[in-house]
Amino acid sequence: MPTNVLRDRKRTAYFWGVLLAIPVLLLIWLMRPEEGFIRWLYPLFILLCASWAWRLLHQTNLARIERETIAATTVFFTLKFVYYLFWGSLEHNWVEIESTYWVMAFVMVLAYIVLDARMGLVYSLVLAAVTLALGLLRLGGEVALGQYQAEFLSFVRNQMRLFAMAGLLYALAIVKDQLAHAHQQVEQMHTLARTDPLTSLPNRLALSELLEEASHRIHGVYVVLLDIDRFKQINDRFGHAAGDDVLKEVGRRLRTSLRKSDMLGRWGGEEFMIIMRGDNQHEVLAAVERLREDIAFWPFEKVGAVSASFGVAQGHIGDSIHNLVERADKVLYQAKSLGRNRVEISPA
């Protein structure tokens with residue numbers, strides 16, 4: 001799955017998750033106004049959630065929001081854990097303490113999503129260790145005196161869940177990282193297989209795929225083939241290294257001058273292809289003429305003046321891509337035979 005698609009899906013999932021959390025937090029605040037922590041600090045966290053939702057909706061940097069969410073949620077619910085552990089009756093507070101463990105588990109999951117596996121493990125273990133130390137500080141001495149036995153057993157179970165969850169999530173994160181690395185390698189191989197190594201332009205395979213896509217709506221498609229004039233003489237006179245430089249410079253000039261909707265690639269040898277769309281033939285031909293001038297007007301380093309001949313074919317309903325390319329190729333050689341450094345268009 002492309003990175004941008006995955007990022008958009010994460011953004012959408014976060015947005016709805018935060019948006020759903022707001023009414024839940026608001027309901028708790030309304031139903032438990034007698035609790036000091038809830039009464040005074042829950043409105044602050046609700047405002048934080050609302051700000052995250054607003055920023056997610058307005059495309060603010062996703063990585064920054066993820067890290068803010070982890071940090072703020074950790075601090076907020078660690079404070080809640082400390083408050084209910086050390087103030088008031090443990091029997092009365094235990095429901096809130098256990099609910100805090102669920103939030104800690106959520107923070108662990110989010111940490112493994114945002115961070116790499118090693119950092120996720122470190123973060124999760126530190127979180128579990130902090131809650132363990134706080135719980136033992138509060139309960140250790142009183143359990144030794146025979147008090148809070150049920151709460152202590154619940155505390156131990158919750159701590160075991162946190163540590164087990166940290167280990168399980170680490171194993172899953174390792175698999176996630178390996179899959180992400182494999183996916184990245186596949187994407188790189190896919191790109192390399194469709195990229196001309198000399199000019200860094202799409203190669204013949206990539207252009208063929210683009211032509212296949214264009215065939216579904218061929219009316220208004222223009223195929224432009226261009227061939228560098230007397231390229232063999234350039235190689236023979238100045239050497240193949242100079243010829244390679246000419247190919248790269250032609251590719252650079254074409255890429256700089258193209259319209260945003262045009263697609264350029266190296267068709268093979270000294271031949272390039274441009275796939276264009278347009279409703280007005282005169283505008284397309286004017287754009288191609290500018291490309292010809294951009295090549296011919298400025299001398300090339302080491303070799304001097306270079307020109308190219310262009311053949312243009314317009315797609316019509318019922319055309320095939322094979323026929324369209326053949327017609328462009330035919331008028332390209334017609335441009336060559338008529339003196340080179342010119343643009344010819346195939347008759348409809």
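The basis for the numbers below is simple: all heavy atoms, side chains too, and nothing from hydrogens, waters or symmetry mates.
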Practice item. Could you tell me whether a side-chain N or O of T74 sits under 3.5 Å from a main-chain N or O of I70, the two making a donor and an acceptor? Key: yes
Practice item. Answer yes or no: is there an ion pair linking E34 with R32, defined by an N-O contact shorter than 4.0 Å? Key: yes
Review point. With distance as the sole criterion, is a donor-acceptor pair present between the side chains of Q314 and Y222 under 3.5 Å?
Key: yes
Practice item. Check whether more than 12 heavy atoms from other residues, nucleotides or ligands sit under 6.0 Å from atom CG of D279, and answer yes or no. Key: no
Point to revise | E187 and its side-chain hydrogen bond (donor to acceptor under 3.5 Å, both in side chains) partner, picked from H183, Q184, H190 | key: H183
Exercise for review: Determine, for E68 against R55, whether the closest basic-nitrogen to carboxylate-oxygen distance falls under 4.0 angstrom.
Suggested key: yes
Check your understanding: Take atom CZ in R237; do more than 12 heavy atoms of anything else shown fall under 6.0 Å from it?
Key -> no
Review point. Under 4.0 Å between a Lys/Arg side-chain N and an Asp/Glu carboxylate O for D196 and R204?
Key: no
Point to revise | Heavy-atom neighbours of R259 CZ exceed 12 at 6.0 Å | key: yes
Check your understanding: Is the backbone N or O of N341 less than 3.5 Å from a side-chain atom of S309, with the two atoms forming a donor-acceptor pair by type?
Key -> yes
Review point. Can a donor-acceptor pair be found between the side chains of E96 and Y83 at a distance below 3.5 Å?
Key: no
Review point. F155 vs F152 aromatic rings, parallel, tilted or perpendicular, using cut-offs 30° and 60°?
Key: tilted
Review point. With a 6.0 Å cut-off on ring centres, are F81 and Y101 close enough?
Key: yes
Practice item. May I ask you to decide if the ring planes of H316 and H219 are parallel, tilted or perpendicular, using 30° and 60° as cut-offs? Key: tilted
Check your understanding: Does atom CZ of R255 have more than 12 heavy-atom neighbours from other groups under 6.0 Å away?
Key -> yes
